[in-house]
Every structure is written in C-alpha cells, then in structure tokens.
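Structure first, commentary second.
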Amino acid sequence: MICWHPDVEYRFINFLLFSSIPMPKNAISPTRQKDYPEWYQQVVKAADLAENSPVRGCMIIKPWGYGIWENMQRVLDRMFKDTGHENAYFPVFIPKSFLEKEAEHVDGFAKECAVVTHHRLEPGPDGGLVPAGELEEPLIVRPTSETIIGDAFSRWVQSYRDLPLKINQWANVVRWEMRTRLFLRTAEFLWQEGHTAHATKQEALEETRMMLGVYADFAENVMAMPVIKGEKTAGERFPGADVTYSIEAMMQDRKALQAGTSHFLGQNFSKAQEIKFQDAEGGESFAWTTSWGVSTRLIGALIMSHSDDDGLVLPPRMAPRQVVILPIFKNDEEKAKVMEACKALDKELKTLQYHGYRVESFVDDRDLRGGEKKWYHVKRGVPIRVEIGPRDLEKGSVFVGRRDQPKSYGISQAEFVSTLTDTLDEIQNGLYERALAMRAEHTRSIKSWDKFEKFFTPKNKDQPEIHGGFAECYFVDCPETDEKLKPLKVTPRCIPLDQDNEEGYCVFTGQKTKVKGIFGKSY
RNA sequence: CGGGAUGUGGCGUAGCCUGGUAGCGCGCUACACUGGGGGUGUAGAGGUCGCUGGUUCAAAUCCAGUCAUCCCGACCA
C-alpha cells in the first residue's frame, strides 16, 4: 500500500469481512473433524430428529426422527413375519420376583432398573403431591422382557407340538443409564425384542443365527450400513445368555457401534422359569430359548454412518420422504402456474414404487426464502430436492439437487420421473459403498502389541483427534486379554463368523490360537 | 457414586473478580425492498438474572444451603 489512511484500512478490513469472498460454509458447526460428539448433537438438532425431554435421560422423538423409526419398523416387521414370527404385546411392568429368577440376569440389569413402589398420589403437607399406597411387591419397569415373556411361555408350552414358539414385540424399555446421548443411549428407548422357544438346541441356535442374518441384511441393504457379524466374547455377553451374536458397524469417528444383538439363551431361562414340554417319547424337557433385538439406537447409527458437515444424509430407503419439491416464483401469477406443476409432479411421483413402497414426495410451499428452504431440507437429509420455476415450465425441465453430491443439475421432467427410482438406488448404493470404503480404510490386521497400542493411541492426548479404527487380531478370550485392553479403552467387538482358520499368536497373551477378533473403541 | 464446571428473555451468551435494579447475537412479529437461494432495511414484542436464606442503604454480582444440568470416570443396546 502506497499511502496509508485510517479510512482506507477500515474499508479494506470491511472488504475482507463483508465482501463476497467465497468461504467454505457448512450448515453444521463444528465439523466432524473438529468435535465429533458435538457435531453429532448438532446434526440431531438441525435435522429436527429429537430433543431432550424434561425428564433426565429421556428423549422426545420428533416427527422426522419418528418417521425414520417407522420406516425401520415397517421393513423389519415384514422381515420378522417372513421368517415365521408373530407380534404380541407384554406389560411394561414386571414383578420384582420375576427378575430374581435368573441370577446372571439380575446382576446385569439390577443396577439400572426403574422401580414402581406406589400406586397413588396424595396431597402432601407442603401443598404438593406425595406418593401413597405402597405396593406389596414392587414392580420393575421392563429393562428387557425375557422374564415376563418367559413366564407366559411356561404356560403356553406343554407339548413339543407347541414348539417352536416365535414371538416379537415392539415396545419401549427403560434402563436407568448414568450418561445418555440422544438415540445412542437414552434412559427410555424404543425397540423390538424377539423371543423364541424351541425343542432342540440346534434349532434355537439356527434361529439365533438366522435373526443375526436378518439384522445384517437390514443394516446393509436398507440402512446402507456395512456391518460385521460375529460372536461376543464372554465379557461382552448378554447377562444370562450362552452365546451372544452382534452386528458391529464403524461410525465416521472410527468407533464401533453395536447395532443389533441376537442371543442364544440355552436352557438358562427355561430352567429358571420352567418352560418345559413333553416330547414325542413322553419325556419331559426344557425348551431352548433365544432373544434378539434392535432399538432406536439404529437411528444414531444411521446418522453417524452417512451424515456430513451439512447435516443429516439419509439413504433413500430410510428417508420418510425421498423427494421434496420446491416451487420457485416471484408473483401470484407465476405462483399459480408453478404450484400447479408442482402438485402434478408430486402426484405422479407418488404413483411410483420403490422397494415395495410408494415413493414419498411432498411440495414445500411454505412462505420461506428460497435459500433457507433449500438448507432446511439439506440439513434434514432429504435424498432429492426438485426445484420448479417459471423457466423450467417453459422448457419442461426440472432442477435437481442430490443430497449425496454437492452439485445440482437440470434435466427434463419426463426423464427425471422415469429414472427416479434408479437414481434413488444409485444414492442408496453409493452411500453403502462410501461407508464400506471408509471402514476398509480404517481396518488393520495387527499382529503385535506395540502396533496395537500405537493404533489406538491418539497423537494429541489432551484433545484426541479421530484415530484408530478396527483392528483384526489373533487372540484368546481370557481375563488377561481383557486386563491388557482396559487402559487403552479398547474392547473386543466381536469374533467374526467368517474365520479363515489359520493359526497365529494372541496379540495380548502370546498364546497360539486360530481365533481372530475385531477390536475397537466403542459407543 | 467419585473428580470438574455451569445455571441470565425461545436458543446462545456479556456483565459477577472491583455490589447500585440488565446488554448483545440468533430466533420471533409487522412493514418495505429483494427473489433459483440460508439476503437487506425500519419498527416492535419478550427477561428481573435456577431456588431458599443471609450480609448490605442497595445483590445477577458477596456468603451459606439447596435443586438441576453438562463434562471426565465406573456401568451399558
């Protein structure tokens, strides 16, 4: 600068601050890189999925979030029925004595049970209401329903002809957690729990694995979320189960999320609750039972699998609405024409079928500024935005924005409609491929403790950056292994069902073994 | 339940150290301009500073207690 003058400098700074220098702008702050947990919270908020409730640890699921859950329910419910299950409903309250029957089960859940001790409120001395009418036997708000369903099963099952018994219920459960996060861990959550009883061990085991397969199929093909099917180690097993299987997914911060579990309960619950039957030979046997479940946690998994720094990204098969139509006009005259065209397109799109269901589209004709409206839908993860304005009407075209890519493009309306379901599939598959590539990039086969330790240690200890991932290691499931992992906050996620059966040495104990496990930090 | 922090209009916050009855941003309302993009301007509405008590002429500001929330641990879908 040749001559300096305060005013000049002021204008220069002003220019820098307010002129239209294009700055990379994201709808969500902070970004994933900067503060992943906070990013997650902001996405939930910006997409209007849920909010914290007046009751600590509980959440209010808002329409857009509940819409996702309804889609999950719809698809899963059909899958359950296709594999021979029926829905039923059991009470939210469980007599305390029921929970006491299975020792391991008690240990697992007692610490986090909500207990009902009274059945009435009376005016208190200070004007408020105080509980009165103490119950003779306290009731537990179900943390899971093995015990109360098992009790029913014990009455329903008499003969081998009553088996198998395959029941599912959609319900809410309560677990009084210390620390909660929307969708990932809440004190009350929605889920489905399947409970089955079988005449033979073999059949029960097959059921357990089949349902694990159903979950994996759903996660990968409907949620576009790649998962690893595997068995849980002893330390991670469901309280009271002989074998616990799970599907494990990698989130974008490279932490693992258990997305669904399927338990082989052996005869533990049937013996505790006397689920027994007379077999064909006239002898008396205990049934073999299973239980399996997924919860609203899947919504958390969905968010963290695909979303970006502009907010939620929904795979089309999960989106409550696949298409939003945005009318663009300047005056009433244009509005009339544009709205007519929008409604016609909306109607036409709704006649299309996508994976067995109607395509859901809607016209957003709210009186909002264009940009605001666009970002509203970007943040909510609507897969496809269609803009229609006067110019498009003349050309018979539409302007299309896809949530999975930054750029918009023009296309003839006829072509848009005829290729819509293909485009949706392209988005759906693209999201899966992207998540799969991300997981592959951060999965390592690790053979030494040194490398293992390094893999899971952040460079910056005070403000840990996103690091680690999945480590695939030979290991022996024993207390020594668990102890060694503790300081790293790494846990065995699962023992994958796919094993190559080659021999190696346990990374933690040095013992010879054929078993490989997946290790990671987890939610 | 251990360690740390916070509690001010719908949301986010300044003020608190050095007491003198609240300021800002976003949002909201109205109008105008603008209109393929989260724009601009003008005018408004909205709080007594978590709760209780104390110190003081005077407290959002100091003290005590209490409740709630958040973060870090132990526990967990």
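We name chains A, B, ... by the order of the sequence lines, and we start the count at 1 in each one. As the structure is a prediction and not an experimental result, all values here were calculated from the model.
The side chain of A:Gln258 lies closest to B:A77 when the candidates are B:G35, B:G37, B:A77. Side-chain proximity of A:Lys374 to B:A77, B:G37, B:G36: nearest is B:G37.
Taking atom P in both B:U29 and B:U69, the straight-line distance is 32 Å, to the nearest Å. Here, B:U61 and B:C49 have their C1' atoms 10 Å apart, quoted to the whole Å. For B:U48 and B:A59, the C1' atoms lie 12 Å apart once the distance is rounded to whole Å. With both ends at atom C1', the span from B:U8 to B:G23 equals 11 Å, rounded to whole Å. A distance of about 36 Å separates the P atoms of B:G12 and B:C33, rounded to the whole Å. Between B:A77 and B:G9, the two C1' atoms lie 39 Å apart (nearest whole Å). Annotation: B:G46 and B:A22 have their P atoms spaced 15 Å apart (nearest Å).
Judged as a salt bridge (Lys or Arg N to Asp or Glu O under 4.0 Å), the pairs with a partner in residues 373-395 of chain A (not counting sequence neighbours) are, in order, A:Asp48-A:Arg380. Sorted by first then second residue, the ring pair (Phe, Tyr, Trp, His ring centres under 6.0 Å) pairs that include residues 213-235 of chain A, not counting sequence neighbours, number zero.
When all heavy atoms of A:Ile167 and A:Phe90 are compared, the pair lying nearest together is CG2-CE1, 3.9 Å. The two residues A:Pro143 and A:Phe109 have their closest heavy-atom pair at CB-CD2, 4.0 Å.
Among the protein residues, A:Phe189 comes within range of the nucleic acid bases, having at least one heavy atom under 4.0 Å from a base atom. At a threshold of 4.0 angstrom between heavy atoms, the contacts of A:Ser295 include nucleobase atoms, whether or not backbone atoms are also involved. Heavy atoms of A:Phe329 sit nowhere under 4.0 angstrom from any nucleic acid atom. As judged by a 4.0 angstrom heavy-atom cut-off over every strand, A:Thr491 is placed among residues making no nucleic acid contact.
In the model, A:Asn221 has no side-chain atom that pairs as donor or acceptor with a side-chain atom of A:Arg317 under 3.5 Å. With hydrogens and angles left out, the side-chain atoms of A:Thr180 and A:Thr186 include no donor and acceptor closer than 3.5 Å.
In this structure, the CG atom of A:Leu184 is 16 Å from the C1' atom of B:C75, given to the nearest Å.
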Report summary line: Secondary structure of RNA chain B per the Watson-Crick/G-U criterion (both distances under 3.5 Å; [ ] crossing, | other strand, . unpaired) is (((((((..((((.........)))).((((((.....)))))).....(((((.......))))))))))))....
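No N or O donor and acceptor, one from the side chain of A:Arg369 and one from the base of B:G35, sit under 3.5 Å apart. A donor-acceptor contact under 3.5 angstrom links the side-chain atoms of A:Glu387 to the base of B:G37.
Aromatic pair A:Phe183/A:Trp69: ring centres not closer than 6.0 Å.
The ring of A:Trp375 does not lie on top of the base of B:G37; it is either too far (5.5 Å or more) or too tilted (30° or more).
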